[in-house]
Amino acid sequence: QVQLVESGGGLVQAGGSLRLSCAASGRTFSNYAMGWFRQAPGKEREFVAAISRSGGNIYYADSVKGRFTISRDNAKNTVYLRMDSLKPEDTAVYYCAAGRTVVADPTRYISWGQGTQVTVSS
């Protein structure tokens, strides 16, 4: 399986921006669809965005559409999540995941990173 390591989280004020990165190793990165999920304290893990193997198909949760941008660089084995106009309700641990297809269901993903904390202050 592919190994995933997220980075780029931190503390930001509402309205600010962050870019998360997820570096993959161990398997051919371009063979995997990639997703970003998040989990806030006391809540279930929720879908944020997903991108197909080539980057040609992209999906977003309604809550982040227009504010977040997912992208990937297969030459660098990395997937990104650019987050703009951040809100306090975006505060969560953000996880990247690798799967066989672009879906919002977290159970369909086979490899997960350890997560990176994003905190948005009001």
Side-chain angles (χ1 to χ4, degrees):
Q1 290 185 348
V2 64
Q3 287 79 49
L4 304 172
V5 178
E6 302 97 335
S7 61
L11 173 64
V12 63
Q13 289 187 335
S17 299
L18 283 174
R19 189 180 79 158
L20 306 182
S21 299
C22 173
S25 62
R27 292 281 182 163
T28 304
F29 178 67
S30 59
N31 286 345
Y32 294 90
M34 298 298 297
W36 283 98
F37 293 79
R38 65 187 182 186
Q39 188 167 19
K43 295 187 177 181
E44 293 186 353
R45 190 167 298 190
E46 66 170 348
F47 170 75
V48 175
I51 187 168
S52 62
R53 301 173 187 183
S54 65
N57 292 315
I58 290 175
Y59 300 95
Y60 296 100
D62 288 343
S63 59
V64 307
K65 199 172 295 182
R67 300 188 298 121
F68 290 12
T69 303
I70 189 172
S71 61
R72 67 188 296 162
D73 186 338
N74 286 344
K76 295 184 178 179
N77 294 342
T78 302
V79 62
Y80 304 98
L81 185 68
R82 170 74 180 189
M83 305 185 294
D84 296 313
S85 302
L86 283 162
K87 305 175 182 180
E89 51 263 45
D90 294 318
T91 295
V93 177
Y94 283 72
Y95 299 88
C96 67
R100 297 300 185 189
T101 187
V102 181
V103 293
D105 181 357
T107 65
R108 299 287 298 275
Y109 288 81
I110 57 177
S111 294
W112 291 81
Q114 83 289 348
T116 185
Q117 176 71 46
V118 171
T119 303
V120 184
S121 63
S122 58

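A distance-only check finds a donor-acceptor pair linking the side chain of Arg67 to the backbone of Ser85 [under 3.5 Å].
Using a 4.5 Å heavy-atom cutoff, the side chains of Phe68 and Leu18 are not in contact. Contact of the Met83 side chain with the Asp90 side chain is not registered, since no non-hydrogen atoms from C-beta on lie closer than 4.5 Å. Looking at heavy atoms from C-beta onward, Leu81 lies out of side-chain contact with Arg38 at the 4.5 angstrom threshold. Considering only heavy atoms from C-beta on, Thr91 comes within 4.5 Å of Gln117 through its side chain. By the 4.5 Å heavy-atom criterion applied to side chains, Ser30 and Arg53 are not counted as neighbours.
The two residues Ala49 and Tyr60 have their closest heavy-atom pair at CB-CD2, 3.6 Å. Nearest heavy atoms, Phe37 versus Val103: CZ-O, 4.5 Å. The heavy-atom pair separating Phe29 from Ala24 by the smallest distance is CD1-CB, 3.4 Å. The heavy-atom pair separating Leu11 from Ser121 by the smallest distance is CD1-CB, 4.3 Å. Here the closest heavy-atom approach between residue Ala14 and residue Ser122 is recorded as CB-CA, 4.4 Å. Nearest heavy atom pair, residue Trp36 against residue Leu20, reads CH2-CB, 3.6 Å.
Note that CD1 of Ile70 is 9.5 Å distant from SG of Cys96, once rounded to the nearest 0.5 Å. With rounding to the nearest 0.5 Å, the separation of CE in Met34 from OG in Ser111 is 8.5 Å. Atom CD1 of Ile58 is separated from atom NZ of Lys65 by 12.0 Å, given to the nearest 0.5 angstrom. With values rounded to the nearest 0.5 angstrom, Ser52 atom OG is found 15.5 Å from Tyr32 atom OH.
Every side-chain contact (heavy atoms from CB on, under 4.5 Å) that Gln114 has, sequence neighbours left out, goes to Val5, Glu6.
Using a 30° and 60° split on the angle between ring planes, Trp112 and Tyr95 fall in the perpendicular class, above 60°.
Within a 6.0 Å radius of CZ in Arg45, more than 12 heavy atoms belonging to other residues, nucleotides or ligands are found.
With ring centers used as reference points, Phe47 lies 6.0 Å or more from Tyr59.
Both Val118 and Val79 are part of a single hydrophobic cluster, where members link through side-chain heavy atoms under 4.5 Å apart. Follow the hydrophobic side-chain contacts under 4.5 Å out from Val93 and you never reach Leu86; the two are in separate clusters. In the hydrophobic cluster analysis, where Ile, Leu, Val, Met, Phe, Trp and Tyr join through side-chain heavy atoms closer than 4.5 angstrom, Val64 is grouped together with Val120.
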